[in-house]
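We name chains A, B, ... by the order of the sequence lines, and we start the count at 1 in each one.
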Amino acid sequence: MAEIVENAETQAFVKDITRMSVDFDRWYTDVVRKAELADYTPVRGCMVIRPYGYALWEHIQRAFDDMIKATGHENWYFPLLIPEDLLVKEAEHVEGFTPEVAWVTEAGSHGRLDQRLAIRPTSETIIGTLIRRYIQSHRDLPQLTNQWCNVLRWEMRTRLFLRTAEFLWQEGHTFHATAEEARREVDLILDLYRRLAEEWLAMPVLPGLKSRAETFAGAVYTKSIEAMMLDGLALQAGTSHYFGQNFSRAYDIAFTNRENQREHCYSTSWGISTRLIGGLIMTHGDDTGLVLPPRVAPVQVVVVPIFRDGPARERVRAAIEGWRPEVEAAGVRLKVDWSEDRPGEKYNRWELKGVPLRIEVGPRDLEAGQVTIVDRLTRERRSLPMAGLGPRLRAELEDFQARLFRRALEFRDRHTYELATLAEVVDHFRRGTGFVWAPWCEDPACEIRVKEETGGVTIRNYDPDQPATGGCLVCGRPARRRVVLARSY
RNA sequence: CGGGGAGUAGCGCAGCCCGGUAGCGCACUUGGCUGGGGGCCAAGGGGUCCCGGGUUCAAAUCCCGGCUCCCCGACCA
C-alpha cells in the first residue's frame, strides 16, 4: 500500500469513513456512499448514481463533448438491442465479448422471440451495420460519430464506478478512407483523453500502446491512458482502438474511392466511462473523503454562514448576497449552506464531499470587511477582502487545480521505479505496488511469464516511439520496448 | 464462477446456539438553550427482522431454496 496522508487532525475529523491505511477498498466504498455519489441497488452490478455523482459525470461529459465537437465529431444515438446474427459477424470481437453479453429472449405478451437480442456491451456491430447506408463515396468520409449511452457487461466482480455491469460511457466510432487518417484519429482521441484526465481531472496519465494480449477484441491495436491510484494500482482510464478494415470487411462498410474502385473503410473506436469517477476518487481522496478538482466539482466553493441570532443571521445574509452575484458572474459554482446544522457539521460534510474551497462568513468577518477561506487540501484558514472576491476566487480555484495535479504527479513519480530483471520485478511486487518501467523483447511468452511469476502484474502500455535499451527483463534478448508494469483494476 | 462471511428502524450493531411482547447507539421529529470544527436538556415517531417455501400451537431465531453485499482465487472499460 502506498503512503497515505494521515495525522491526528484528520483522525479527529472523520467518524464515517474507514481510513485508507486500514482498508483501502472499504475506504473507497465508504467515500462513494457517504459523499452521496452512488449506491447499491437490488440488481447485482447495477448502481444508482445520485445527483452529486451525476453532476460530476455531467461536468466530465460536457468537457469531453466540447472537445470532440470542436474536432468535427457528431453525436448519434444507436439502439440498445442488437440482433444475434448481427453481433456475431466479427469472429474475434464476438469471442471477446460473448462471455459477458446479456440477452433479451422474450417480451411481454409476445412470448419467446424468434431471434434473441443482445443488450449492447459496446456498439461496433450495430453502428457498423447502420452506418454503411450513409457511406457510398470517399466524399462521405470521414464519418466521425459518437454516442453517450449505457452499456451492459455481465461482470463477475463488480465495484461502484470501477466495474459495474451497467455503466455510462461515451463510445466514438469513426470511419475513414485511409489507414493513415484512421491512425491519426486514434492518436487525436488519445490526446484528448490525456487532456481530459490531466487538465480537467488533474489526473496524470501515461498514454501508450497496449501489448497484443491487452488489445481490444477485434482491434489491430489499442492505445490507452493509464493512471496511478493512491494504492499504487493502475487504472485504465480510457482506450482508443484502431481496427484497420477488420470491421469494415465483416460488415461490408465500403466506399468508392477517387479511382472509382470499391474499398473498405478504415475504422476506429474509443471510449471513456463513469469509471473515470472512480479514478478521480482514488487519485485525490484522503482520510476525510473526496477531494475534487475545481474544473469538474459540482460545487466549487461552499459558503458557511456563522451567526448567533436573527439579526446577525440577517447581516451575514446581506453580506453574502452583496458579493454573490460578482462571484457567480466570475463563473464560480457557489453553494451557500443555509441548512440548520451547526457549522462544524457543515465543514465536515462538505469536506467529505470534496468541495475545494470553503468560505466562512461570521460577525468577526463582517466587522473586518472580509471572509474566511479554508482550503480542502491544506485546511489553512486565511482572510480575503470581500471586495473583488469574484476574480480572487477564480484565481484560488485555478491554483487549487494546479496544486492537485502537481500533488498527484509527485505521488506517481514517488511510486515509479525502473527495474531490469524479472527477479527484481517479482520481488518488488511481492512487497509493494506502483509503476515499474522495464525492458521487454515483445515476445508474448515473456509477458505471460511476468504475469504468472508476479501473480497478476501486467504490461499496462508503452510509448511505441521510445527506444528501449538493454535486454528483456525475462529472456535477456535485446529489448524492443520500454514498458510500464503494474497491478491494475 | 469456486471458497469464506454478512443481511434486524436512515446508518452502525445486539438478539439467533437454547423458538414465546423486537432492542441499543447515532440519525430523525417537536420545544428550549445554543452556534467560528460533528453541542446540551426534555418529550416523541419510526420495523414486510433480505425474499419465498417448510417445520411448529408459535419463527428474527430451526430446515430448504433464492437474491444482494463484503473478503479471497480464474475473465474484464
Within the 4.0 Å heavy-atom criterion, would you say [X] contacts the bases, only the backbone, or no part of the nucleic acid?
| X | value |
| --- | --- |
| A:Arg26 | nothing |
| A:Gly362 | base |
| A:Tyr489 | nothing |
| A:Ser224 | nothing |
| A:Arg358 | base |
| A:Arg381 | base |
| A:Ser240 | nothing |
| A:Pro99 | nothing |
| A:Gly45 | sugar-phosphate |

Between [N] ([atom2]) and [X] ([atom1]): distance, integer Å:
| X | N | atom1 | atom2 | result |
| --- | --- | --- | --- | --- |
| A:Leu384 | B:rG36 | CG | P | 21 Å |
| A:Phe97 | B:rA77 | CZ | P | 6 Å |
| A:Asp23 | B:rG5 | CG | P | 19 Å |
| A:Glu340 | B:rU34 | CD | C1' | 13 Å |

Spacing of the [atom1] atoms in [M] and [N] (rounded, Å):
| N | M | atom1 | answer |
| --- | --- | --- | --- |
| B:rG12 | B:rC70 | C1' | 15 Å |
| B:rC71 | B:rC63 | P | 27 Å |
| B:rC11 | B:rG47 | C1' | 15 Å |
| B:rA9 | B:rA27 | C1' | 10 Å |

- Message: With the stacking rule set at 5.5 Å and 30°, tell me whether A:Phe167 counts as stacking on B:rA77.
- Response: yes
- Near A:Glu74 CD, under 6.0 Å, is it more than 12 heavy atoms from other residues, nucleotides or ligands? no
- Message: If you count every heavy atom of other residues, nucleotides or ligands that lies below 6.0 Å from A:Glu321 atom CD, does the total exceed 12?
- Response: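 Enclosed.
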Quiz item: cation-pi between [X] and [Y], 6.0 Å / 45°:
| X | Y | result |
| --- | --- | --- |
| A:Arg358 | A:Tyr347 | yes |
| A:Arg313 | A:Phe307 | yes |
| A:Arg194 | A:Trp200 | no |
| A:Lys210 | A:Tyr221 | no |

Lys/Arg-Asp/Glu bridge criterion (N-O < 4.0 Å) met for [X], [Y]:
| X | Y | answer |
| --- | --- | --- |
| A:Asp191 | A:Arg195 | no |
| A:Arg376 | A:Glu351 | no |
| A:Arg212 | A:Glu92 | yes |

Which atom pairs link the protein and nucleotides 42-49 of chain B when you take only N or O atoms and keep those under 3.5 Å?
none

- Query: Taking for each residue the nucleotide of RNA chain B with the nearest heavy atom, is it A:Glu214 or A:Arg159 whose nucleotide lies nearer the 5' end?
  - Reply: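 It is A:Arg159 whose nearest nucleotide is closer to the 5' end.
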Kindly indicate whether the side chain of [X] and the base of [N] share any N or O donor-acceptor pair separated by less than 3.5 Å?
| X | N | result |
| --- | --- | --- |
| A:Asp309 | B:rG35 | no |
| A:Glu345 | B:rG37 | no |
| A:Arg342 | B:rG35 | no |

- Message: Please enumerate all residues that pass side-chain contact (heavy atoms from CB on, under 4.5 Å) together with A:Ala102, with sequence neighbours excluded.
- Response: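 A:Ala102 satisfies side-chain contact (heavy atoms from CB on, under 4.5 Å) with A:Ile119, A:Leu152, A:Trp154 only.
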- Message: Tell me whether A:Thr433 contacts the main-chain N or O of A:Phe429 through its side chain, where contact means a donor paired with an acceptor under 3.5 Å.
- Response: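 Checked: no pair found.
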- Nucleic acid contacts - residues 27-44 of chain A versus RNA chain B, non-hydrogen atoms under 4.0 Å: A:Tyr40, A:Pro42, A:Arg44
